[in-house]
Amino acid sequence: MVKRRKLNILGLFLVVCILVTIVVIGIYFYTYQQKRKILSNIELKIANVNKYFVYGTHLNIECTLSGIETSNIKDIKFTLVDLLENEKEYNSIYEINGDEVNVKTSNLINEGIYLEDIECGKHFLFLKITYFNDQEKYYSMSNNTSYPEIEYYTITRDNLNKRINIEFDKFKLDNGEITYIKFNVARVRLPASVYDISIDPGHGGSDPGAVYKQYKESEIVMKYSIELKKALENIGLKVVLTRDGTEDTSKTSKFNVYSVYDFDGRVNIVGRARAKYNLSIHVNSLDTNTLSGTEIYAPSKASLDIAQSLADNIVNMANTTYSTRDTDKVSNGVYVRTFTENEITESAKNARKKGFEPYNITTSTPYLYMIREVGGMITGAYIDGRNKDYGTNLYCNSNIGVESYLIELGYIINKTDLSNMLNNESSYIEAITKSIQEYVCER
Ligand SMILES: [Zn+2]
């Protein structure tokens with residue numbers, strides 16, 4: 001009897017074990033299926049990416065999705081999904097034309113998908129369309145451009161960096177294959193050649209820039225740039241200068257204004273550094289003493305928040321004023337200078353005279369080359385070597401652009417401005433550093 005009871009207990013135990021195992025496996029598969037509700041339900045229709053680029057710290061995407069039911073679309077978002085299907089959504093701007101939608105991340109080049117705060121690991125980017133019946137559909141995207149995949153390095157924070165590889169990959173389904181955008185995010189050491197910020201001390205070599213009495217723009221901005229580099233390094237950033245003040249001052253200098261695009265020219269130094277931001281430092285000049293104050297030049301089609309912050313902080317902290325200049329002014333101290341119709345016609349005329357095809361310039365192309373050329377295809381860079389006088393911007397076709405601002409500290413022949421620039425350097429540096437701290441490091 002005793003033996004028999006033992007067997008019964010053992011049998012019961014085994015049965016319980018098997019039941020528990022079945023329940024656990026069941027729960028596992030149920031939750032797994034639940035968790036895969038996005039990745040196993042991607043629509044077979046695929047959106048075509050017509051444009052994608054990184055400018056500063058943001059990824060911008062423009063795509064078209066055709067052949068879908070569009071009559072009851074409530075909202076469209078871009079959504080970044082990780083392997084556990086946690087989602088991070090980004091607003092989009094979209095337009096519906098019949099059975100087609102055109103979707104983009106933003107109208108502004110320095111907005112869109114912020115790359116700095118994406119967690120390490122694998123992520124997939126989809127279009128998420130919500131309908132008025134609250135149904136949600138996920139669409140993947142394929143590359144309709146000739147642009148290469150993107151390798152992005154995040155800005156140094158606490159001595160740490162991430163590398164983000166943005167690629168178009170393929171995924172096999174039971175009923176076909178879909179292309180999708182994959183983000184691979186990993187902690188890495190920043191390569192020696194990659195920097196967070198580039199500082200470009202204007203002019204140099206045989207070009208002194210603005211001159212008044214014994215004062216030269218090229219020398220004033222060199223001093224500022226060296227100090228600014230130290231200040232930004234003190235808040236943990238990796239900074240490169242486009243020149244160091246030791247360049248040849250003879251007429252054959254490679255830092256002559258007409259060879260800025262050669263391999264060691266300032267434009268290519270910034271491109272090679274893969275900086276997220278570039279700050280060009282200048283001193284203004286005019287023949288008549290009618291203008292004064294600080295001007296920040298910003299890219300066109302961009303959010304002007306950083307530019308405004310730079311202008312406000314400099315005015316508040318460095319005892320200077322917003323510039324009195326009205327031309328190209330957008331707001332206090334902030335300027336956007338683009339080509340005028342006349343300048344475009346002149347440029348084309350010159351090109352033909354010299355025997356090359358005119359550049360593709362529009363009235364929204366930035367006029368200042370340290371804003372236009374370092375932004376690559378995004379800002380309409382065009383120095384592609386066709387005009388032999390200029391050399392070549394090796395990064396003019398890049399879809400990874402450096403977000404660039406040009407700071408005119410003040411006017412050299414204005415007495416107040418000049419004395420301010422000469423005696424108040426540390427306040428200017430503090431003001432610029434404060435803006436970078438707020439908009440780049442603590443965002
Ligand atoms: Zn200048």
Side-chain angles (χ1 to χ4, degrees), residues 198-229 241-245 247-249 251 253-261 265-267 269-270 277-299 307 310-311 314 318 320-325 327-329 333-339 343 366-375 379 383 390 393 402 404-422 424-425 428-429 431-432:
S198 55
I199 301 172
D200 170 46
H203 313 276
S206 59
D207 168 28
V211 180
Y212 178 66
K213 292 183 180 165
Q214 75 271 39
Y215 304 108
K216 287 181 185 160
E217 174 181 3
S218 60
E219 288 170 6
I220 296 173
V221 299
M222 193 66 241
K223 268 187 76 206
Y224 267 76
S225 300
I226 290 170
E227 288 310 312
L228 180 59
K229 179 174 187 278
L241 292 180
T242 58
R243 64 181 182 93
D244 62 8
E247 54 278 349
D248 183 5
T249 52
K251 284 288 172 200
S253 161
K254 61 189 172 186
F255 287 105
N256 181 295
V257 277
Y258 292 110
S259 57
V260 291
Y261 305 104
R266 63 219 321 156
V267 165
I269 290 174
V270 174
Y277 296 94
N278 173 67
L279 300 171
S280 284
I281 316 290
H282 283 256
V283 170
N284 237 325
S285 66
L286 258 193
D287 297 337
T288 52
N289 193 2
T290 51
L291 296 178
S292 63
T294 299
E295 292 158 22
I296 310 296
Y297 285 84
L310 285 165
I314 291 173
T320 176
T321 50
Y322 296 114
S323 173
T324 51
R325 181 186 170 94
T327 322
D328 305 315
K329 181 174 165 178
V334 177
Y335 294 76
V336 176
R337 167 82 161 99
T338 53
F339 278 91
E343 286 162 347
Y367 181 84
L368 300 168
Y369 71 86
M370 280 310 284
I371 292 177
R372 180 188 69 238
E373 295 296 325
V374 303
T379 45
I383 303 294
Y390 284 145
N393 172 4
V402 181
S404 186
Y405 298 90
L406 189 143
I407 303 172
E408 293 279 5
L409 300 165
Y411 283 81
I412 201 163
I413 61 167
N414 180 284
K415 280 200 178 70
T416 321
D417 276 9
L418 181 62
S419 104
N420 235 334
M421 288 188 283
L422 296 175
N424 229 347
E425 183 187 301
Y428 276 94
I429 303 294
I432 299 167

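The first residue in the sequence is number 1, and the count goes up from there. Atoms within each ligand, like the ligands themselves, are counted from 1 in listed order.
Listed by chain and number, the protein atoms of type N/O/S under 2.8 Å from the Zn ion (ligand 1) are His203 NE2, Glu217 OE2, His282 ND1; waters are omitted.
Although no hydrogens or angles enter the test, the distance criterion places a donor-acceptor pair under 3.5 Å between the side chain of Ser404 and the main chain of Met370. Between the side chain of Arg372 and the main chain of Thr379, no donor-acceptor pair closer than 3.5 Å is present. Checked by atom type and distance alone, the side chain of Asn393 pairs as donor or acceptor with a backbone atom of Glu373 at under 3.5 Å.
When only modelled atom types and interatomic distance are considered, Ser292 and Asp417 share no side-chain donor-acceptor pair under 3.5 Å.
When every heavy atom of Tyr428 is checked against every heavy atom of Leu409, the shortest pair comes out as OH-O, 3.4 Å.
Taking the ring centre of Tyr297 as origin, the terminal cationic atom of Arg337 falls outside the region bounded by 6.0 Å and 45° from the ring axis.
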